[in-house]
Amino acid sequence: MADQRHQQRPTDAMKGMFAGQKGQAQGPPTSKVLAVVTLVPVAGFLLLLSGLTLAATLIGLAVSTPLFVMCSPVLVPAAAVIGLAMTGFLASGAFGITGISSLSWIANYLRRARLPAEHLEHAKRRAQETAGQMGQTVSGKAQETAGRAQEAAGRG
């Protein structure tokens, strides 16, 4: 009896994974099953097309390269220059997109990194206190200067 309790069949474990609220066994959601059934053949077909395209490209390259080399010594350097130019343009575009996306990410990060309201209130209060102290200091210095100016005018 105890031996049967400790041994669990794999099907029981699987039922436990997908158990519903009432304890009944349920399978994966229908949307996930449909997604897998739809996407696996599509992905397989695209991989097959990719392989066929690669094979055709390699065969075409193997056939045409000797013809280009023998027929025209100008075509090989021209192809190299065009290839390098295209690589440069693509690299430039990739670097530009990377830079722009980095700046966009930083801007979004800074926009989301708002301070909590209590920190903002504390900062506002400190700024007002500092401005008030500076105002008092400036008005005090102005009064001192005015008093000294009157004294100097009275002596002169």
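When a residue number appears, it is its place in the shown sequence, counting from 1.
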query: Cluster partners of Leu103, using ILVMFWY side-chain heavy atoms under 4.5 angstrom, listed by chain and number?
result: none

Pairs under 3.5 angstrom only: tabulate donor-acceptor contacts from the side chains of residues 34-58 to other protein residues two or more places apart or in another chain.
| unit_1 | atom_1 | unit_2 | atom_2 | d |
| --- | --- | --- | --- | --- |
| Thr38 | OG1 | Leu34 | O | 2.7 |
| Thr53 | OG1 | Leu49 | O | 2.7 |
| Thr57 | OG1 | Thr53 | O | 2.8 |

- prompt: Just how far is it from atom OG of Ser102 to atom CD1 of Ile106, taken to the nearest 0.5 Å?
  reply: 6.5 Å

Between side-chain atoms of residues 59-71 and protein atoms elsewhere (two or more places apart, or another chain), which donor-acceptor pairs fall under 3.5 Å?
| unit_1 | atom_1 | unit_2 | atom_2 | d |
| --- | --- | --- | --- | --- |
| Ser64 | OG | Gly60 | O | 2.8 |
| Thr65 | OG1 | Leu61 | O | 2.6 |

Sequence neighbours left out, cut at 3.5 Å: what donor-acceptor pairs do the side chains of residues 76-97 make with other protein atoms?
| unit_1 | atom_1 | unit_2 | atom_2 | d |
| --- | --- | --- | --- | --- |
| Thr87 | OG1 | Gly83 | O | 2.8 |

